[in-house]
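Beneath this line is the structure, given in structure tokens, with notes to follow.
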Amino acid sequence: MSCKVYQELEERGLVYQSTNAESLQKLLQEAPQAFYIGFDPTADSLHVGSLIPIIVMMHLQKAGHRPIAILGGGTAMVGDPSGKTELRQMLTPEKIVENGKGIAGQLARFLDFRDDRCRLINNADWLSSLKYVDFLREIGRHFSVNRMITAESYKQRLETGLSFIEFNYMILQAYDFHVLCKEQQCRIQMGGQDQWGNIVAGIDLIRRTQSVETYGVTFPLLTTSSGEKFGKTAAGAVWLSSERTSVLDFYQFWRNCEDSEIRRLLSFFTFLPMPEITRLSALQDQAVNRVKEILAYEVTTLVHGQEAATTAYKTAISRFGSADPELKVETSSAIRNISLAQAEVELPTLELSSDQLNTGMTLVDLFILTGLSKSKSQTRRLIEQGGAYLNEQRINADRQLSQADFKKEKIIIRAGKKRFYQILLK
RNA sequence: GGAGAGGUUCCCGAGUGGUCAAAGGGAACAGACUGUAAAUCUGUCGGCAGAGCCUUCGGAGGUUCAAAUCCUCCCCUCUCCA
């Protein structure tokens, strides 16, 4: 087994904090270890924020360790206050189960579940049957409230309000770790930076109840330049499910990342070797765009597969042009093998029947129909501001759509520089 | 349980009877400049229509020619006290 996996994670910047790093490294070098990361089923799909924990799991699994993904079916009933400014809407138990199914399906795409190499466990298995008083006596007595309220995750909420149910989240997560340590010999828990308090609480609990040393590692929290949580765009979060975020939008999300983020994003979200990442992120000018293509292609491949990634790549090139048509930038990414000769592109498409056309469809209607804009007022503003295009011609005023607009049986409309739609006539 | 403060358009946050579709900031969107980046500048930023209407200021009623602004009841949040 590779004994350098911890160093690899550190080198990639994936380790934000760690308890007793030295002895943890030793542990990871000695023998395959079980480790766990929790995913709360608060939505039916994971988004790019959850990609970091997934990738860390992949790194460790490749190195021979055994990931345990905990589906927070029980903890989602309570709701994690960490990193949130207010009480989240309580989820119904049915919704939690449904979300859990979606997330479990997605995890299976990234991790190797064969031969018990990875486990997926739902913490509802033990949490939902807990007896309140027994639990308080066995577990609750090990927690100091004085200590808990000093946790960073609670500080902010102590100013704006924290309900008792959320206050218990830390205890439940600590209990998860306690159970996993006992029953699965799991001695390592990982999670986002905001999970530190919860993780440490688990370590303390286990030390008291089982006299076993356990370890915690957190990953850095990604934020955008304006301090927003990474992965949130105007349209909402960037999801891993292609039904929620199209493959092309997903690709474009990475393609449009900030220059200053390239190195970090490549290290975090791709498996390209670090020397190559260092070389790529040092490139300047036009080559920067090639590096962004590599990044977008690699991450899209990871999440949606090579075929879908290739199509997204080609589609983007057909719209915006290639950043490196002569393939001057060297890379080990499979993107180098894609020939740009044949352009099989997949634009977002809407089919229009001739009935719809004949009953009087205006350009404004069309923009709304495709979702490129939300209301007539918004569309009119778009036109006024010169951001609306029909077949690459700027639209000056709203008018009826006619048969004559369909060049080669299709029209392309565009809102702003990057959002476009293809309309086919049925 | 008592006292006080408060719930405003995506977020923060002004606004205390008409001049309020509601200041300011952020986010977002469009344009210019660029590299499908960032920064900057300009414009937009409830809806429908084009200068008139409709729906918004926690919820439900009420007063008034007129209410985000006043009254009543209810819901929720926070602070202090018990």
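Computed over heavy atoms, backbone and side chain alike; hydrogens, waters and symmetry mates excluded.
Spacing between atom CD1 of A:I383 and atom C1' of B:C29 amounts to 15 Å, rounded to whole angstrom units. Rounding to whole angstrom units, CG of residue A:D365 and P of B:C48 are separated by 11 Å. In this structure, A:L372 atom CG and B:A30 atom P are separated by 10 Å, rounded to whole Å. For A:D398 and B:C48, the CG to C1' distance is 14 Å, given to the nearest whole Å. In this structure, A:D324 places its CG atom 13 Å from C1' of B:G35, rounding to the nearest Å. Computed from coordinates, the A:K374 NZ to B:C10 P distance equals 11 Å when rounded to whole Å. Put simply, CD on A:Q284 is 17 Å from P on B:A38, counting in whole angstrom units. Rounded to an integer number of Å, the gap from A:R319 CZ to B:G35 P is 19 Å.
Within a 6.0 Å sphere centred on CZ of A:R147, heavy atoms belonging to other residues, nucleotides or ligands number 12 at most.
A donor-acceptor pair under 3.5 Å is formed between the side chain of A:N122 and the backbone N or O of A:A124. Looking only at distances, no side-chain donor or acceptor of A:R255 sits under 3.5 Å from a matching main-chain atom of A:A296. Proximity of a side-chain donor or acceptor of A:K292 to a complementary backbone N or O of A:C257 within less than 3.5 Å is detected.
If you take atom C1' in B:C81 and the same atom in B:C74, they sit 25 Å apart, rounded to whole Å. Separation of the C1' atoms belonging to B:C54 and B:C20 is 16 Å when rounded to the nearest angstrom. For the C1' atoms, the distance linking B:A28 with B:U9 amounts to 14 Å, nearest Å. Between B:U63 and B:G17, the two C1' atoms lie 11 Å apart (nearest whole Å). B:C76 and B:G58 are spaced 7 Å apart, taking the C1' atom of each and rounding to whole Å. If you take atom C1' in B:A32 and the same atom in B:A38, they sit 16 Å apart, rounded to whole Å. B:G61 and B:U56 have their P atoms separated by 11 Å, with the value rounded to a whole Å. Taking atom P in both B:A21 and B:A68, one finds a spacing of 9 Å when rounded to whole Å.
Take the nearest nucleotide of RNA chain B for A:V288 and for A:Q378: the residue whose nucleotide is more 5' is A:V288. Take the nearest nucleotide of RNA chain B for A:G416 and for A:E293: the residue whose nucleotide is more 5' is A:G416.
The A:L382 side chain lies nearest to B:A30 when the options are B:G35, B:U36, B:A30. Of the candidates B:U36, B:A37, B:G31, the closest approach to any side-chain atom of A:K292 belongs to B:A37. Counting only heavy atoms from C-beta on, A:S377 has its side chain closest to B:G47 among B:C29, B:G47, B:U36. Across B:U36, B:G47, B:C33, the shortest atom-to-atom separation from the side chain of A:K417 is found for B:C33.
Checking A:Y36 against A:N123 by side-chain atom types alone, no donor-acceptor pair falls below 3.5 Å. Residues A:Y251 and A:E293 bring no donor and acceptor atom of their side chains to less than 3.5 Å of each other. Under the 3.5 Å distance criterion, with hydrogens and angles disregarded, no donor-acceptor pair is assigned to the side chains of A:Q193 and A:T218.
In a base pair of the Watson-Crick type (N1 to N3 plus N6-O4 or O6-N4) or a G-U wobble (N1-O2 and O6-N3), with each distance short of 3.5 Å, B:C73 is matched with B:G59. In a base pair of the Watson-Crick type (N1 to N3 plus N6-O4 or O6-N4) or a G-U wobble (N1-O2 and O6-N3), with each distance short of 3.5 Å, B:A51 is matched with no nucleotide. Checking B:G1 for Watson-Crick or G-U wobble geometry (two distances, each under 3.5 Å) identifies B:C81 as its partner. As the counterpart of B:A30, B:U42 is assigned, both hydrogen-bonding distances of the Watson-Crick or G-U wobble pattern falling under 3.5 Å. Across all strands shown, B:G24 pairs with B:C12; the Watson-Crick or G-U wobble distances both stay below 3.5 Å.
B:A51 takes the syn form, because its glycosidic angle lies no more than 90° either side of 0.
For B:A38, the OP1/OP2 oxygens have no side-chain nitrogen or oxygen of A:S260 closer than 4.0 Å. A close approach under 4.0 Å does occur between a side-chain nitrogen or oxygen of A:R380 and OP1 or OP2 of B:A49. Using a 4.0 Å cut-off, no side-chain N or O of A:R290 falls inside it from OP1 or OP2 of B:G35. Using a 4.0 Å cut-off, some side-chain N or O of A:K376 falls inside it from OP1 or OP2 of B:A49. One finds a side-chain N or O of A:K418 lying less than 4.0 angstrom from the OP1 or OP2 phosphate oxygen of B:A37. Under 4.0 angstrom from either OP1 or OP2 of B:C29 there lies no side-chain N or O belonging to A:S373.
Using a cutoff of 4.0 Å between basic side-chain nitrogens and carboxylate oxygens, A:R264 and A:E261 are scored as salt-bridged. Contact check on A:R381 versus A:E384 returns no salt bridge, with no Lys/Arg side-chain nitrogen under 4.0 Å from an Asp/Glu carboxylate oxygen.
A:A415 comes within 4.0 angstrom of the backbone, heavy atoms only, and of no base. In this structure, A:R394 reaches the sugar-phosphate backbone alone: every heavy-atom distance under 4.0 Å involves primed, P, OP1 or OP2 atoms, never a base.
A:R207 places none of its side-chain heavy atoms less than 4.5 Å from the side chain of A:T214.
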I'd like a table of atom pairs between the protein and nucleotides 40-44 of chain B - only N or O on both sides, under 3.5 Å - with the distance next to each one.
residue : atom : partner : partner atom : Å
B:G43   : N2   : A:Q385  : OE1          : 3.0
B:G43   : N3   : A:Q385  : OE1          : 3.3
B:U44   : O4'  : A:Q385  : OE1          : 3.2

Might you list the N or O atoms of the protein lying below 3.5 Å from N or O atoms in nucleotides 77-80 of chain B, with each pair's distance?
none

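Here the straight-line distance linking atom CZ of A:R414 with atom CZ of A:R394 works out to 9.0 Å at 0.5 Å rounding.
Using a 30° and 60° split on the angle between ring planes, A:W239 and A:H47 fall in the perpendicular class, above 60°. Ring pair A:Y154/A:F167 is tilted by interplanar angle, where 30° to 60° counts as tilted.
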